[in-house]
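To keep things clear, I will list the structure first and then write my remarks on it.
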Amino acid sequence: MRWPGKKHSNDIDGKTLMTMKIATWNVNSIKVRLPHVLDWLDGHRPAVLCLQELKCEAGNFPLEAVTAAGYHALIAGQKAYNGVALLSLQPGSDPVIGIPGFEDPQQRVIAATYGEVRVISVYCPNGESLTSEKYGYKLRWFAAFRDYLEATLMRYPLLVVAGDYNVAPEDRDVYDPVAWKGEVLCSDAERAAFAALLKLGLKDSFRLFEQADKSYSWWHYRVNAFKRNMGLRIDHILASDPLALTCSSCAIDKGPRALERPSDHAPVFAEFSDSSSPNS
DNA sequence: ATGACCGGCACCGCCGGA
């Protein structure tokens, strides 16, 4: 396999270890969060960073600053709401915006290929509440997204789907599972929709490893939720089974959530390795 | 108990977020 990531200098048993770091971050306005994103890119140098909630049209995306940081960008923008992007060290190929065949003015999905790896940046609908019209949209959207991933996996066996899923998959992903029981982001139907994605042959990278209890990726802006660790884990990096076999780590970086004017979400990142011979 | 904090937009409050 060829990886567009870092080539580590140390060989193991005569084999060269290649790694590819893939990250996701709901930035809640790229305009406001640009300094945080540039700092994070500088510190982590991910091969690909999936962004959500740009809240700007593609023409207003701060492309020059991202380019100056050494990153390419593929953008699906929209005024004021939604908007997703893929930032990458190497240019992506075969970009696809949206879910083919699912008409939707909301920009929530963008895909491209990096080396042999297909990467999708996704911002799943929030749903608002179980009685909201938006909840019905959320479930319809998840059904269409499931079918899209099924088709994508047939063409791209090495697939990463990273983003804000707006689903806390299990009670351990919720700071107060009793209070949140049956609420939006935690309802049985939403968890079933998330599980249906995994059933396609995808793994939640975070749960491939031992993790600290009470690990979350989002905290409400209100009531000092971050300091009190009142959070949810709703940002996920799913990896197709063959790629998950090469996943060596997955972590949430709470650092940026503690900065001035933070996003309400923290970045999540995973590292994928391949120790096969470079000539294979 | 209620509302609370943000960002965007377009105004002087509202919507959407989760």
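What you are looking at is a predicted structure, and each value in this text was computed from that prediction instead of being measured. Within every chain, numbering begins at 1; the chains are lettered A, B, ... in the order of the sequence lines, protein sequences first and strands thereafter.
- A salt bridge does not link A:Arg172 to A:Asp213: none of the charged nitrogens lies less than 4.0 Å from a carboxylate oxygen.
- B:dA18 sits 14 Å from B:dG7 when the C1' atoms are compared, rounded to a whole Å.
- A:Tyr156 and A:Ser240 share no side-chain donor-acceptor pair at under 3.5 Å.
- Projected onto DNA chain B by closest heavy-atom contact, A:Lys31 and A:Val223 fall at different nucleotides, the more 5' of which corresponds to A:Val223.
- The C1' atoms of B:dA1 and B:dC12 are separated by 29 Å, rounded to the nearest whole Å.
- Taking the P atom of each, B:dA4 and B:dC15 are spaced 14 Å apart, rounded to whole Å.
- Taking for each of A:Asn166 and A:Leu54 the nucleotide of DNA chain B with the nearest heavy atom, the 5'-most of the two is the partner of A:Leu54.
- In the model, A:Ser121 has a side-chain atom that pairs as donor or acceptor with a side-chain atom of A:Gln52 under 3.5 Å.
- B:dA10 and B:dG16 are spaced 14 Å apart, taking the P atom of each and rounding to whole Å.
- Annotation: A:Phe206 is not in aromatic contact with A:His236 [ring centroid separation under 6.0 Å not met].
- Aromatic ring pairs are classed by plane angle as parallel below 30°, tilted from 30° to 60° and perpendicular above 60°; the pair A:Tyr148 and A:Phe145 is tilted.
- A donor and an acceptor atom, one from each side chain of A:Asn82 and A:Gln107, are nowhere located under 3.5 Å apart.
- Every residue meeting the side-chain contact (heavy atoms from CB on, under 4.5 Å) condition with A:Asp176, not counting sequence neighbours, appears here in chain and number order: A:Val178, A:Ala179, A:Trp180.
- Looking at heavy-atom distances under 4.0 Å, A:Tyr123 makes contact with sugar-phosphate atoms alone, never a base.
- Rounded to whole Å, the P atom of B:dG13 lies 24 Å from the corresponding atom of B:dT2.
- A:Tyr175 contributes no side-chain N or O that, together with a main-chain N or O of A:Leu232, makes up a donor-acceptor pair within less than 3.5 Å.
- Contact annotation for A:Asp164: backbone-only contact, meaning every heavy-atom pair under 4.0 Å involves sugar-phosphate atoms and none involves a base.
- Nucleotides of DNA chain B lying under 4.0 Å from heavy atoms of chain A occupy a range whose first and last members, 5' to 3', are B:dA4 to B:dA18.
- Using a 4.0 Å heavy-atom criterion, one finds that A:Asn224 contacts no nucleic acid atom at all.
- Backbone-only contact: A:Glu53 has heavy atoms under 4.0 Å from sugar-phosphate atoms and none from a base.
- Among all heavy-atom pairs drawn from A:Val109 and A:Ala76, the shortest one is O-CB, 4.5 Å.
- Contacts between residues 127-141 of chain A and DNA chain B, defined by a heavy-atom separation below 4.0 Å, involve A:Lys134, listed by number.
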